[in-house]
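A note on names: the letters A, B, ... follow the listed sequences, proteins ahead of strands, and every chain is numbered from 1.
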There are 2 protein chains.
Amino acid sequence: MSDDLISDQDYEALAAFRHAMRRFAAFSEMEAKASGLTPRQHQALLAIKGTPSAPNGLAISQIAEHLLIQHNSAVELVDRLAEAGLVRRQSDPADGRRILVTLTERSETVLRGLSAAHLRELRGIRSTLLALLRRF
Amino acid sequence: MSDDLISDQDYEALAAFRHAMRRFAAFSEMEAKASGLTPRQHQALLAIKGTPSAPNGLAISQIAEHLLIQHNSAVELVDRLAEAGLVRRQSDPADGRRILVTLTERSETVLRGLSAAHLRELRGIRSTLLALLRRF
DNA sequence: CGTATATATGTCGTATCACGATATATGTGG
DNA sequence: CCACATATATCGTGATACGACATATATACG
């Protein structure tokens with residue numbers, strides 16, 4: 001483990017890349033918060049909206065997979081989203097165990113604004129991120 | 001706010017990009033945890049090591065800036081790192097208010113292993129990330 | 001000089017939330 | 001129709017980032 005050869009430039013590249021990712025994450029947190037969402041809630045909405053292969057909504061287990069969180073955490077996340085009126089739960093007619101989670105009009109609107117802001121931000125930092133990535 | 005024009009492809013690109021970032025973050029969490037670190041602790045160590053312009057260590061406020069967290073959170077983060085024997089606090093001879101945080105031998109070793117794993121991972125997902133970024 | 005102000009670090013109580021362990025419901029295969 | 005897998009739900013716990021506040025040091029400027 002201790003015979004890895006890591007140069008100072010490697011460390012610098014890693015630090016710079018993580019800093020850039022953290023900057024984007026912090027931007028996203030701010031935007032989400034300004035819209036009354038937590039980052040996780042935002043990502044859940046985006047996963048539902050951005051999965052065209054699932055037009056009837058995402059199952060809770062799919063949300064967990066997409067966000068790489070535990071299933072029970074996804075349940076709780078959906079609890080909070082539903083309580084805030086941002087998603088609806090509908091049981092899957094094809095499989096009674098599954099709950100399909102869909103957006104509401106309100107979350108569609110919120111997500112639209114958030115996505116516009118994120119697109120702007122990403123277009124602004126795109127070249128920086130590309131340059132940082134190419135250092136690896 | 002509600003007249004933003006966002007296409008389905010935009011949503012899909014955003015969701016895919018965030019999923020990739022989350023994947024990397026989850027990978028990093030796992031690796032850090034396997035080394036006995038939290039993600040924040042890892043990033044703090046990396047910031048200290050990867051800032052060549054500060055060879056005597058980073059001040060707590062600089063760590064806060066780099067990680068984009070509040071100053072008091074940085075203090076607490078350094079508390080936990082110091083307690084784990086992963087950093088040392090030294091007051092800055094040039095400014096008695098500042099505390100310079102430096103790595104220990106142990107954290108140098110841990111960070112070396114973590115960095116090697118992250119370099120491998122990043123080289124593996126680099127082309128994927130580049131492709132996702134170019135969609136914006 | 002000395003006082004006001006700014007900056008850096010530190011302390012403490014609080015709230016959030018992801019998790020592990022566990023429970024219940026539904027589907028599936030022999 | 002029974003064993004097992006899968007999906008969702010519940011609950012207690014721990015970790016930690018934060019806001020509000022406190023203290024120490026530096027700097028500006030009369």
Worksheet item: Side chains of A:R22 and B:H66: does their closest heavy-atom pair fall under 4.5 Å?
Response: no
Practice prompt. Verify, without hydrogens or angle tests, whether A:T104 (side chain) and A:G85 (backbone) share a donor-acceptor contact under 3.5 angstrom.
Written response: yes
Looking at [N], I'd like to know if its phosphate oxygens (OP1 or OP2) sit under 4.0 Å from a side-chain N or O belonging to [X].
X: A:R80; N: C:dA18; answer: yes
X: A:R89; N: D:dA9; answer: yes
X: B:S61; N: C:dT9; answer: yes

Worksheet entry | Shared hydrophobic cluster for B:L37 and B:F27 (ILVMFWY, side-chain gaps under 4.5 Å) | yes
[X] [atom1] - [N] [atom2] separation (whole Å):
X: A:Q70; N: C:dT22; atom1: CD; atom2: C1'; value: 15 Å
X: A:I69; N: C:dT16; atom1: CD1; atom2: C1'; value: 14 Å
X: A:K33; N: C:dA15; atom1: NZ; atom2: C1'; value: 12 Å
X: A:E29; N: C:dT16; atom1: CD; atom2: P; value: 16 Å
X: A:R98; N: D:dA9; atom1: CZ; atom2: P; value: 13 Å
X: A:I63; N: D:dA9; atom1: CD1; atom2: P; value: 10 Å
X: A:D79; N: C:dC17; atom1: CG; atom2: P; value: 12 Å
X: B:L81; N: D:dT16; atom1: CG; atom2: P; value: 10 Å

Among [options], the one nearest [X] by side-chain distance:
X: A:V75; options: D:dT8, C:dT11, C:dT9; value: D:dT8
X: A:T38; options: D:dA26, D:dA17, C:dC17; value: C:dC17
X: B:I60; options: C:dG10, C:dG27, D:dT8; value: C:dG10

Item to complete: Quick one: pull up CG in B:L114 and CG in A:D4 and give me the separation to the nearest 0.5 Å.
Response: 10.0 Å
Side-chain donor/acceptor of [X] to base of [N], under 3.5 Å:
X: A:E76; N: C:dC19; result: yes
X: B:N72; N: D:dG19; result: yes
X: A:R97; N: D:dT8; result: no

Discussion item. For a quick check of understanding: with a heavy-atom distance under 4.0 Å over all strands, which category does B:A59 fall into, base, sugar-phosphate or nothing?
Written reply: sugar-phosphate
Worksheet entry | First of A:L68 and B:V78 reached from the 5' end of DNA chain C, by closest nucleotide | B:V78
Practice prompt. Hey, which sits more toward the 5' end of DNA chain C by its nearest nucleotide, A:A94 or B:I99?
Written response: B:I99
Worksheet item: Is atom CD of B:E108 surrounded by more than 12 heavy atoms (other residues, nucleotides or ligands) closer than 6.0 Å?
Response: yes
